[in-house]
Amino acid sequence: MEAMSSAAGSSLTKIVAPARSFRGSLTVPGDKSISHRYALLAGLAEGTSRITNFSTGQDPHSSLACMEAMGASSKVNGRVTEITGTAGVLHPPSGLLDCGNSGSTMRMLAGLIAPHAGDFTMIGDASLTVRPMERIRKPLMTMGARIDLTDGHAPMTIHGGPLHAVDFEAPIASAQVKTAIIFAGLQAQGTTSLLEAVRTRDHSEHALRAFGAKLTRTGERLSIAGGQRLHAIDAAVPGDMSSAAFFLCAALLFADSNVVLDGLGMNPTRSALLDVITALGGTIKVLDVGEQHGEMAGTIQVNLGPRGLTGIDISGSLSAQLIDELPVLAAIGPYTRDGITIRDAKELRVKESDRIALVVKNLRAMGAEVVEHEDGMDIPGGQTLRGGVIDSGLDHRITMAFAIAALRAEGPTEILGAEAAAVSFPEFFDYLDELAIR
Ligand code: S3P
């Protein structure tokens with residue numbers, strides 16, 4: 001059901017009714033993180049790349065549009081997105097590079113653009129404009145880049161020019177920052193290296209190798225020589241684990257659930273959620289698995305096991321690995337037996353919204369008890385929630401997380417600003433209606 005709402009800045013309200021069970025199968029749409037990287041690298045490469053199952057989300061399309069503004073071109077041919085690259089030369093755009101809601105676009109593009117001559121200005125929406133960008137500017141400046149921000153925020157103007165290699169210690173556990181550095185290193189003079197103490201998602205490393213670049217990892221150190229050229233590829237994007245997370249968590253809410261997810265990306269740096277689902281009482285069967293360009297993908301079947309929905313404490317590097325899945329895990333926390341605690345997740349406060357504050361606010365709106373911490377929250381188990389009015393904050397993951405919480409509530413839940421789901425997963429509400437048994 002859809003209605004217009006007057007909530008600030010939002011237009012679409014979704015009403016999610018409780019469900020009796022959650023059953024069915026779906027092919028998970030293309031991964032957002034991998035699609036960004038394929039868009040950026042195909043746009044820089046020589047030749048035409050053919051990318052099947054490119055993400056349908058708005059964010060990777062922001063990356064593609066920015067590359068087009070700098071000389072790449074793309075066209076869609078059925079399930080294949082053809083991207084013709086600029087053969088290594090990005091041209092300053094005639095206008096602004098609009099990154100929309102996408103932090104990945106702005107941060108990774110900064111590294112890709114910085115070695116190219118000319119002035120490039122990136123802007124974003126209201127949410128992106130308050131997200132931290134100094135984390136990109138600092139390392140790129142040590143490589144010789146000239147970057148202007150306003151109080152550490154977008155708009156970001158890059159005065160491009162030659163860069164030199166630097167040895168870094170990863171300043172923060174962030175795949176976006178790592179990617180900005182290695183994309184710049186690919187085009188710098190000398191060999192750039194980065195010590196990554198907390199291992200973050202490694203899609204950029206796989207994608208660079210797929211496009212023909214050489215980079216090496218020795219223990220925690222990643223090295224990339226400058227002056228390498230990229231060549232077009234044919235690739236299929238695996239399904240997005242962070243989108244699948246909503247349905248994996250929904251499967252934990254009902255004793256007789258059964259969900260089969262096909263084409264699911266299972267890169268080990270993105271799959272910590274599968275262990276957490278098992279720890280929470282889920283049963284996962286891997287039905288098949290394959291690999292392309294270093295990315296694993298396959299089919300899994302998920303049910304709630306005989307122990308029922310238990311509980312878990314999440315902290316340390318596990319919080320970093322699960323950062324995009326924490327909102328939905330928190331949203332099912334009240335329905336667990338033993339509760340969920342989350343710590344060491346302060347980064348959640350600088351995502352598309354302050355995800356700690358919004359999860360806490362929305363859980364309370366549904367009648368839940370929850371304790372907020374600066375770096376996480378405690379959600380006691382054994383709670384019964386009522387339907388409530390959810391403020392999505394126009395954040396895609398908050399929208400979808402509370403649509404899942406709504407499935408076990410005692411009445412209907414209204415989600416304000418539900419259009420935000422399209423940032424990563426435009427098909428979300430259609431699939432939800434298909435799999436929820438009412
Ligand atoms: C992403 C990295 C993570 C994640 C984001 C996508 C990526 O951000 O939250 O949704 O594709 O590299 P950080 O690098 O800021 O941790």
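Since we're looking at a predicted model, the values are computed, not measured. Worth knowing before you read on, the calculation uses all heavy atoms, side chains too, and leaves out hydrogens, waters and symmetry mates. Atoms within a ligand are numbered from 1 in the order they appear, just like the ligands themselves.
In the vicinity of Ser33, heavy-atom distances shorter than 4.0 Å reach the ligand 1 atoms 6 (C), 7 (C), 11 (O). Atoms of ligand 1 found under 4.0 Å from any heavy atom of Lys32 (numbered from 1 in listed order, with element): 10 (O). Below 4.0 Å from some heavy atom of Ala175 lie the following atoms of ligand 1, by number and element: 12 (O), 14 (O).
Proximity of Ser104 to ligand 1, defined as any heavy-atom pair under 4.0 Å, is confined to the side chain (atoms from C-beta onward). Of all the heavy atoms of Arg37, the ones lying under 4.0 Å from any atom of ligand 1 belong exclusively to the side chain. Counting heavy atoms closer than 4.0 Å to ligand 1, residue Arg201 contributes side-chain atoms (C-beta onward) but none from N, CA, C or O.
Under a 3.5 Å cut-off, the side chain of Glu372 and the backbone N or O of Val360 do not form any donor-acceptor pair. Between the side chain of Asp31 and the main chain of Ile34, a donor-acceptor pair closer than 3.5 Å is present. Of the possible polar contacts, none joining the Arg355 side chain to the Ile398 backbone as a donor-acceptor pair under 3.5 Å is found. A distance-only check finds no donor-acceptor pair linking the side chain of Glu374 to the backbone of Lys346 [under 3.5 Å]. Listed for the Thr86 side chain is a donor-acceptor partner under 3.5 Å among the backbone atoms of Val89.
Here Asp324 pairs with Arg201 in a salt bridge; the nearest charged N to carboxylate O distance falls below 4.0 Å. Under the 4.0 Å criterion applied to side-chain N and carboxylate O atoms, Asp240 and Arg270 are assigned as salt-bridge partners.
Backbone and side-chain nitrogen or oxygen atoms of Glu347 are examined, and none is located within less than 3.5 angstrom of a nitrogen or oxygen of ligand 1. Between Ser174 and ligand 1, an N or O atom pair is found at a separation short of 3.5 Å.
The option from Arg107, His396, His36, Gln176 that lies nearest to atom 5 (C) of ligand 1, judged by heavy atoms, is Gln176.
Closest to atom 4 (C) of ligand 1 among all protein heavy atoms lies Asp324 OD2, 3.3 Å. In terms of protein heavy atoms, atom 15 (O) of ligand 1 is closest to Lys351 NZ, 3.3 Å.
For the atom pair CD (Gln176) and NZ (Lys178), the distance works out to 11.5 Å, reported to the nearest 0.5 Å.
Below 30°, between 30° and 60°, or above 60°: for Phe54 and His61 the angle between ring planes is above 60°, a perpendicular geometry.
At a 4.0 Å cut-off, at least one heavy atom of Ile323 sits close enough to ligand 1 to count as contact. The closest approach between a heavy atom of Lys178 and any atom of ligand 1 is not below 4.0 Å.
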